[in-house]
Amino acid sequence: MLKKNSLRLAAALLTTLSGLTPALASPPQHHDQVPGYFRLKVGDLEVTALYDAAAVFQLDWLKGKKATMDGVAKTLQKDPHLLDAADQGFLVNTGKQLILVDAGAGTWYGGKAFGRLATSLRSAGYTPEQVDLVLVTHLHSDHVGGLTTHDGDRVFPNAEVYVAKAESDFWLSPEIAAKAPKEAQPFFESAQAIAAPYIKAGKWHTFSGSESIVDGMQIVPLPGHTPGHTGYEFSSKGQKILFWGDTVHAQRVQLKHPEITAVFDIDPAAAAARRNQLLPRLAGRICCFLAWVACTRKVKAIAGRQSH
Ligand SMILES: [Zn+2]
């Protein structure tokens, strides 16, 4: 009897242990983080910031007077997060349309550290297929790479894309690309590849002035960083929000020193002039979202070339 009971106990233990076995196995690692979005109401508009990547701006990407830059370098030693930045796009739900401003890097810039915008969009409760319009601040790949896969598929298959004519003409020009320094040509190539499927589908649109694209949205030309760099200002019930692309790169430095430029500015003097015009107008009156550019040093060659 005792032997029989012992056998039953042993069998029960084996059953229990075998039941525990899966829990004792090493669990798979998860590499995703918390959903990357933040919502804000602007009048009747629902605005959702969509995270694409975090990054750090480099000190030598900023240009200014020696005394000013020495001060920035000194501050950076005490505050290592001074130049922290993020790449983002912004979703505006007007109640009638779903509008995306900039699309992140996709697979066209920054390797695996970038390209989370579409995931953030889904986490925020939307799908790429729902996006009606994409408004592009400029054609650097960290702002438009998310539009198109490397296989040439449109990530936002139902969206009409809008970009300033000066911007489209510059980056999509084979003639300008041919004259650009060799190291800058990948930027032209990526812009052309990213735009191609939308052009083919008749969904690539350019504007030259203050055309009305969306009710309650005003085009704000901000040439300097790139030839057709553009801001988009939405208004609702007396509230406004401006999406200003790469008007500022390192906000904690350039909001204090608008005269400091970035090596990625094709026309640094014009970029600084835009900040000096814009910032006093915005102060206290408008909500700004900064979509940081993570352009590479390769644009520096163009910037130098154009600034002379
Ligand atoms: Zn840029």
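Here the structure is a predicted model, which is why all the values come from computation and not from measurement. Whatever order the structure lists them in is the order used to number ligands and atoms, beginning at 1.
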- Item | Partner set under side chain to side chain contact (heavy atoms under 4.5 Å, CB included) for Asp169, not counting sequence neighbours | Lys165
- Task: Have a look at His138 and say which of its N, O or S atoms is nearest the Zn ion (ligand 1).
- Result: NE2
- Item | Name, closest N/O/S atom of Asp246 to the Zn ion (ligand 1) | OD2
- Query: Would you say His143 reaches the Zn ion (ligand 1) with an N/O/S atom under 2.8 Å?
  - Reply: no
- Query: Is Asp70 paired with Lys66 through a side-chain N to carboxylate O contact shorter than 4.0 Å?
  - Reply: yes
- Note on the structure: Partner of Asn93 under side chain to side chain contact (heavy atoms under 4.5 Å, CB included), picked from Arg39, Gln130, Glu46, is Glu46
- Quick check: does His229 put an N/O/S atom under 2.8 Å from the Zn ion (ligand 1)? no
- Item | Any residue meeting ring pair (Phe, Tyr, Trp, His ring centres under 6.0 Å) with Tyr162, in chain and number order, not counting sequence neighbours | His205
- Message: Tell me whether the rings of His140 and Phe187 are parallel (<30°), tilted (30 to 60°) or perpendicular (>60°).
- Response: perpendicular
- Determine which of the N, O or S atoms in His140 is closest to the Zn ion (ligand 1) and give its atom name. ND1
